[in-house]
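Read through the structure below, which is laid out as structure tokens, and then see the notes.
Both ligands and their constituent atoms are indexed starting at 1 by order of listing.
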Amino acid sequence: MPILFDEKQKIFKLDTKTSTYAILIYQENYLVHLYYGARLPDCNLKPLMYRGRFDSLSPYNPKVEDPLFSPDISPMEYSTNGAGDFRISAFSVQGAAGNTVTDLRYVSHKIYNGKPKLPGLPATFAKEGEAQTLELETLDAVTGVKVFLLYTVFENYGVMARSVRVENQGDSPVMLQRVYSACVDLPAMDYEMVHLYGRWNKENSLACHPLMHGIQSIRSKRGMTSANHNPFVALKSPHCSEESGEAYGFHLVYSGNFAIDIECDTREFSRLLLGINPEDFCWKLEPGEAFVSPEAILVYSQEGLGGMSRTLHKFYPEHLMRSEWAKKKRPLLINSWEAAYFNFDDDKLVEFAEKAKELGIELLVMDDGWFGNRNDDHRALGDWYVNEKKLKGGLSSLIKRVNDLGVQFGIWYEPEMINPDSDLYRAHPDWAIRAPGREHSLSRYQCVLDMTRQEVRDNIFRQMYDVISQNNIAYIKWDCNRHITEAASVALPPDRQGEFFHRYVLGVYDLMDRITTAFPHILLENCSSGGGRFDPGMLYYSPQIWASDNTDPIERLSIQFGASLCYPISSMGAHVSANPRAGLATKAAVAMCGTFGYELDPRKMTEEEKEAVKAQVAQYHRDYDLIRSGDFYRLVSPAENSFHCEWEFVSTDKREVLLTSVIMRQPPHNFYIQKLAGLDPDLYYRDEDTGEVYSGALLMHGGVNLSGENWPISRGDGHSLTKRFLALSRQP
Ligand code: GLA
């Protein structure tokens with residue numbers, strides 16, 4: 001059983017195949033955090049609760065008969081505000097008396113098989129026998145607020161999912177000020193914090209720095225997760241490298257304002273919190289009401305950052321991505337955006353489809369510009385009816401022409417947005433988010449719809465439903481191209497305006513749920529000016545997410561390497577475009593490390609380019625399973641090496657290997673040996689290009705010599721090399 005309760009010691013032990021997590025019910029029903037790290041046998045964990053003597057200024061509870069226990073220094077399982085713990089608190093509630101003192105104590109617990117759903121929120125799921133859950137009931141005696149701490153253990157993956165449910169069982173309304181999804185007190189601060197930051201067109205830059213005393217945090221208050229910070233942090237223990245050492249990963253299944261805060265106190269302990277950003281958050285809970293936090297994913301690896309990433313790569317398609325496309329082979333697509341922008345009509349799209357079909361492409365995506373009066377980005381968002389001046393004969397006729405060529409059809413939406421110049425705005429100006437008495441800021445000439453309101457969601461759902469249900473649509477790109485300002489809802493009373501941002505996210509999830517439930521066979525690709533909402537919440541609905549508007553293959557290296565830290569390769573939208581930075585081969589090699597597709601005008605290709613694309617399409621089919629379900633190794637990262645970048649896929653049976661090397665700029669040396677990873681040292685592998693046979697041990701410890709003519713260095717910047725190795729069935 002992955003979750004054990006030791007009645008005598010009052011210790012919960014939560015085991016995965018690689019990790020142990022332990023909690024103690026201490027005197028006066030304080031919940032004390034004991035341990036999170038490598039898997040332990042059954043043993044006495046209690047000594048881990050002690051973190052030195054506290055000093056005379058530390059508060060203590062006189063009822064606790066232990067001179068070493070103080071909420072100020074002891075590791076607390078879910079920290080609260082104002083009752084002796086001065087570090088950052090995970091939870092704080094303002095009761096009828098107006099103060100925010102909060103003190104949660106253990107009441108009871110349940111251990112059950114399976115994984116509960118989180119109402120209204122995306123969350124991990126499990127089939128019979130795949131997960132077990134611990135639910136700890138805690139109470140703040142003064143307000144009557146109960147907090148249920150949920151821990152689901154996915155034993156086979158080294159992963160735990162955590163969330164909290166708050167119930168107001170008191171007599172008066174309360175205001176929730178902070179409700180983090182998880183709190184983890186670690187007994188050291190010599191970790192490095194690894195996270196992803198960026199901006200539009202430059203997502204997922206990898207940052208890595210030692211923790212410092214005090215509070216450090218990454219946050220969003222933009223209403224969406226944003227490209228600025230991803231809701232993910234890894235903590236690397238000393239000596240942790242890409243393939244060895246201890247790494248913890250913390251990921252929030254949420255698409256709105258988030259916070260991951262780490263406080264290192266002066267005793268050199270670290271507390272990590274992750275959850276909804278408490279800034280601009282306040283939730284009124286009436287007696288009898290409940291509030292559920294988003295889910296936090298915790299992963300522990302002893303195989304470095306690479307091991308941590310591979311766990312998440314395998315875990316998410318099985319337990320988070322609910323689409324039927326999560327594990328199904330996706331159609332190879334071509335998107336119209338960079339090929340035509342707003343400048344297309346039905347005939348041009350049919351020509352795209354015709355040419356694409358000849359290349360072996362399976363699906364045409366009609367991007368922005370097909371609806372209302374949308375001939376540029378100044379107008380028409382909200383008017384989701386077909387522009388028949390552009391698509392003469394209407395959408396059904398266009399789709400029929402495309403389908404008749406043997407090509408499927410996909411369409412673009414930006415459901416949460418409205419342009420002031422739109423019929424929808426003229427009919428419902430109050431549907432655009434705006435604080436009373438203030439003008440709304442514009443961004444890309446548009447405003448955000450108040451998705452907290454049911455009638456707004458109903459209108460957009462109905463408009464989308466009418467188009468989608470009447471047409472043979474196989475794919476939807478769901479875009480979101482601005483952040484929220486002047487946040488307020490006319491539908492909420494003043495004392496509930498603090499709920500706005502979270503209610504917005506719940507509204508978006510509700511609409512996505514309705515669309516994906518009504519059309520379960522449609523492949524949904526998420527997008528937010530590129531990867532601006534690349535988060536696990538979106539992965540729940542859309543198994544692929546456009547990683548960046550930047551299709552320069554060299555820039556894409558760091559964007560995709562960064563995303564691979566915590567997202568499966570199969571989820572990263574990546575296309576070959578007309579970008580001139582590198583040739584077709586390198587563009588394909590990079591896009592192949594993602595969903596793979598095209599975003600260029602197929603009518604403008606030379607015969608030579610067409611032949612090259614046909615060969616790429618064949619390679620895509622040949623390597624599909626290896627790339628989608630193999631193990632991914634970041635060998636040389638563009639964040640660490642400014643000259644070249646290498647990565648590798650290894651099939652789970654270790655018999656197939658795909659190595660890619662890209663030159664970003666000329667290195668000072670022209671000799672290079674790359675050691676491979678994850679092979680079977682006892683197998684022999686044939687280099688499919690040269691026929692040369694190598695032992696697996698040699699490839700891993702000696703490496704493969706990339707020098708000479710083959711290494712793209714001799715051909716200049718932007719060149720690449722892809723090598724396949726196949727294991728021999730018999731030893732030579
Ligand atoms: C965003 C997306 C692009 C494209 C445009 C259309 O920028 O990231 O891929 O869909 O919108 O306006």
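With ring centers used as reference points, H502 lies under 6.0 Å from Y254.
Sorted by chain then number, the residues whose non-hydrogen atoms approach ligand 1 to under 4.0 Å are W337, D367, D368, W412, R444, K477, D479, N481, C527, S529, G530, W546, D549.
The backbone N or O of G532 lies less than 3.5 Å from no partner atom in the side chain of E203, so there is not a single donor-acceptor pair.
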Would you be so kind as to tabulate the donor-acceptor pairs closer than 3.5 Å made by side chains of residues 349-363, with sequence neighbours excluded?
unit_1	atom_1	unit_2	atom_2	d
E351	OE1	R603	NH1	3.4
E362	OE1	L332	N	2.6

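Side-chain N/O atoms of Q408 and Y475 include no donor and acceptor closer than 3.5 Å.
Cation-pi geometry between R628 and Y624 is met: under 6.0 angstrom from the ring centre, within 45 degrees of the axis.
No more than 12 heavy-atom neighbours from other residues, nucleotides or ligands sit within 6.0 angstrom of OH on Y465.
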